[in-house]
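One structure is given below, encoded as structure tokens.
Atom set for the values below is all heavy atoms of this structure, side chains included, hydrogens, waters and symmetry mates excluded. When a residue number appears, it is its place in the shown sequence, counting from 1.
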Amino acid sequence: MDTRKLKYFLAVVDHDGFNRAAEHLLIAQPSLSQTIAGLEKELGVPLFHRIGRRAVLSEAGKELVGPARLVMRDLDAAQAAVQSLRGIRSGKLDIITMPSPGIEPLTSMISAFTQRHPSVRLNVGAAFTPEEVIESVRSGSHEVGLAGSSTPVKVPGVEVLELERQPLILIVNPRADTFPSTHTAIQREELGGHRLIASQRGSLMRWLVDDALAHGVEVEIVVEVAHRTSILPLVLAGVGHAVMPSSWAPTAHKAGLRTLLVEPVNYLDVAVLSRKENLTPAAKAFLQVAASHTASTAGTRDCR
């Protein structure tokens, strides 16, 4: 088994079939099929089930994905380690992030990183739960991950650097702003009688709304959204208020929206995750930026 075969195998996985994978690899589709067939022969098991024009991973194929990614990642790390003798002049870094940390602190960290290492290309993938981030880092799909959780993230076998704590805020619907103009914070009970745009169940923001409902605060969930990029436009359109982490406050303010701290305060704990060894120089450099960010962030980000 050679790394070329693993690279071709992962291309079929990542591009949902042989045709797109061949286009991505800039090779003929029959050549790709022949290579995968050779890999299956070496392993003695089918890696894909051919269903019409689709290629669906077999159970053996699913088991190979994680180890194959680690092999390719380690190969990248070995090549980058040699290149690092000349400094970080090129390469790429795969990052995966949840939505709120993907606004901040990721934006600030990417800005600092690209200024120091302008030739490194960053690929940022999306996750919606801490578990997705953890699995992606463990499997080698991404070298660095940003996760947000209601409690500090602790993962055996994964390096965790706590970045910051983001308090939950209310992004105020300008068409229903009945809160005192002098206030910078509200009590949770003051949400009563208001219409809210809510994230899906499982998020800290949705938990706060559901907890308020459970304690007799009469709020109305008017829209439930999976894609949080829709939230600010919906607030701007006057659909409702939204409970979000403070990372959204700067963007909300630039859009002319008001934000209020929700008391008692609940926090989203944000951390950066990575493997403990065999990191590429680009990943190590990014973690240095993350450490600098942590050192420069004193306490809670100002959300008012």
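Side-chain contact check for Glu132 and Ser136: no donor-acceptor pair (N or O, by modelled atom type) lies under 3.5 Å. Counted by atom type alone, His293 and Glu164 present one or more donor-acceptor pairs between their side chains at under 3.5 Å. Between the side chains of Gln166 and Ser247, a donor-acceptor pair is found at a separation under 3.5 Å. Between Ser100 and Trp248, the side chains place a donor N or O and an acceptor N or O closer than 3.5 Å (distance only, hydrogens not considered). For the residue pair Arg206 / Ser199, no side-chain donor-acceptor distance below 3.5 Å is found, with atom types taken as modelled. Side-chain contact check for Thr259 and His253: at least one donor-acceptor pair (N or O, by modelled atom type) lies under 3.5 Å.
Checked against Leu260 for a side-chain contact (heavy atoms from CB on, under 4.5 Å), the options Ile171, Ile186, Ile169 give a single hit: Ile186. Applying the side-chain contact (heavy atoms from CB on, under 4.5 Å) test between Leu168 and each of Glu263, Met205, Met244 identifies Met205 as the sole match. For the side-chain contact (heavy atoms from CB on, under 4.5 Å) with Leu64, the lone residue among Val13, Leu43, Val45 that qualifies is Leu43.
Using a 4.0 Å cut-off between charged side-chain N and carboxylate O, Arg20 and Glu23 make no salt bridge. Salt bridge status for Asp211 with Arg188: present, with a side-chain N to carboxylate O gap under 4.0 Å.
His183 meets the ring pair (Phe, Tyr, Trp, His ring centres under 6.0 Å) test with no other residue; sequence neighbours excluded.
The OG1 atom of Thr3 lies 10.0 Å from the OH atom of Tyr8; values are rounded to the nearest 0.5 Å. Between the OG1 atom in Thr178 and the CD atom in Glu190 there is a gap of 9.0 Å [rounded to 0.5 Å].
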Inset, instruction - May I have the step-by-step check of salt bridge (Lys or Arg N to Asp or Glu O under 4.0 Å) for Asp94 and Arg121, ending in yes or no? - result: CA-CA 9 Å; Asp94 295 318; Arg121 178 167 59 90; over 6 Å; no
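For residues 39-67, every residue pair satisfying the ring pair (Phe, Tyr, Trp, His ring centres under 6.0 Å) rule, not counting sequence neighbours, is listed here: Phe9-Phe48, Phe18-Phe48.
The aromatic rings of Phe179 and His241 sit tilted relative to each other, their planes meeting at an angle between 30° and 60°.
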